[in-house]
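No hydrogens, no waters, no symmetry mates; every other heavy atom, side chains included, goes into these values.
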Amino acid sequence: MAHKHDKIIANYKSIGDLSSILSNSREDYILDHLSIHLHKGQLKLLEKIKKEQKPHHKAIRMKKYKELMNNDEATPEHFELHQKIFINKIKKLENKGLIKADFEVDSLPYEVEFTEKGKEILNKIDVLKQKWEDEIFKDFEDKDKLLTYLQQVAPKAAKISYARIKKQKGVY
């Protein structure tokens, strides 16, 4: 049976609105199928931490943090407030047993590593991402063509995001 919004969605002309529906759907699917209760922001934070574990991302964070600590003029407005808020979010993931955080490091505001439980959840998230994609595209014939188109425009979108991140000057 069709959902009452199917007809409305079928008439959307905005790629951004449609991509938001897909993104929200994927997050909701993952959150509904995890064995632990997480909020969308916590799911995104886990992904961010996973990315930051890569050596080149960690090196960039260390470099930015060193620049901020050695130059008061480079420090963004409200840096300490934002850092405290972010560290509180880290502590919530730590309280759930997903990560172990160290806030007594010199080269960064914090150092994080995943616990075994956290690694299991990350693996489950990856599995759920694929299950969501398989379900959503089950009867879709042009998935490869859509993927090709998205691969062509995604770098332009990423460039916008990276530019904003650079402006923020934050390390948290």
Separation of Gln42 CD from Leu98 CG (nearest 0.5 Å): 8.5 Å
If only atom types and distance count, is the side chain of Lys117 paired as donor or acceptor with the main-chain N or O of Lys96 below 3.5 Å? yes
Is any side-chain heavy atom of Leu93 less than 4.5 Å from a side-chain heavy atom of Ile49? yes
With rounding to the nearest 0.5 angstrom, report the CD1 to CG distance, Ile125 to Leu46. 5.5 Å
Pairs under 3.5 angstrom only: tabulate donor-acceptor contacts from the side chains of residues 11-23 to other protein residues two or more places apart or in another chain.
residue, atom, partner, partner atom, Å
Asn11, ND2, Lys7, O, 3.0
Ser14, OG, Gly16, N, 3.3
Ser14, OG, Asp17, N, 3.1
Ser19, OG, Ile15, O, 3.2
Ser19, OG, Gly16, O, 3.0
Ser20, OG, Gly16, O, 3.1

Can you tell me if CG on Asn123 sees more than 12 non-hydrogen neighbours from other groups inside 6.0 Å? yes
Return the CD to CG distance between Glu120 and Leu122, rounded to the nearest 0.5 Å. 10.5 Å
Evaluation steps, salt bridge (Lys or Arg N to Asp or Glu O under 4.0 Å), between Glu116 and Lys119: CA-CA 5 Å; Glu116 286 305 311; Lys119 290 175 187 175; 3.5 Å; yes
Inspect the surroundings of CZ in Phe103 and state if more than 12 heavy atoms from other residues, nucleotides or ligands are less than 6.0 Å away. yes
Out of Gln53, Lys63, Glu111, which one pairs with Lys58 under the side chain to side chain contact (heavy atoms under 4.5 Å, CB included) rule? Glu111
Can you see which heavy atom on Lys129 is nearest to which on Ile30, and at what distance? CG-CD1, 3.7 Å
Please tabulate, for the side chains in residues 130-146, all donor-acceptor contacts under 3.5 angstrom to protein atoms that are two or more places apart in sequence or on a different chain.
residue, atom, partner, partner atom, Å
Gln130, NE2, Asp134, OD1, 2.8
Trp132, NE1, Ser25, OG, 2.9
Glu133, OE2, Lys143, NZ, 2.9

Would you compute the distance between atom CD1 of Ile90 and atom CD of Gln83 and round it to the nearest 0.5 angstrom? 11.0 Å
So Ile99 and Glu113, do their side chains get closer than 4.5 Å, heavy atoms only? no
Distance col, row Ile121:CD1 vs Leu43:CG, nearest 0.5 angstrom, shows 10.5 Å
Atom CZ in Arg61, atom CG in Leu108: separation rounded to 0.5 Å? 4.5 Å
Testing His57, Lys50, Glu52 for side chain to side chain contact (heavy atoms under 4.5 Å, CB included) with Lys54, which one passes? His57
Enumerate, atom names and distances included, each donor-acceptor pair closer than 3.5 Å involving a side-chain atom of residues 31-40, sequence neighbours excluded.
residue, atom, partner, partner atom, Å
His33, ND1, Tyr29, O, 2.7
Lys40, NZ, Asn24, OD1, 3.4
Lys40, NZ, Asp28, OD1, 3.1

Regarding Lys89 and Glu94, does a basic nitrogen lie under 4.0 Å from an acidic carboxylate oxygen? no
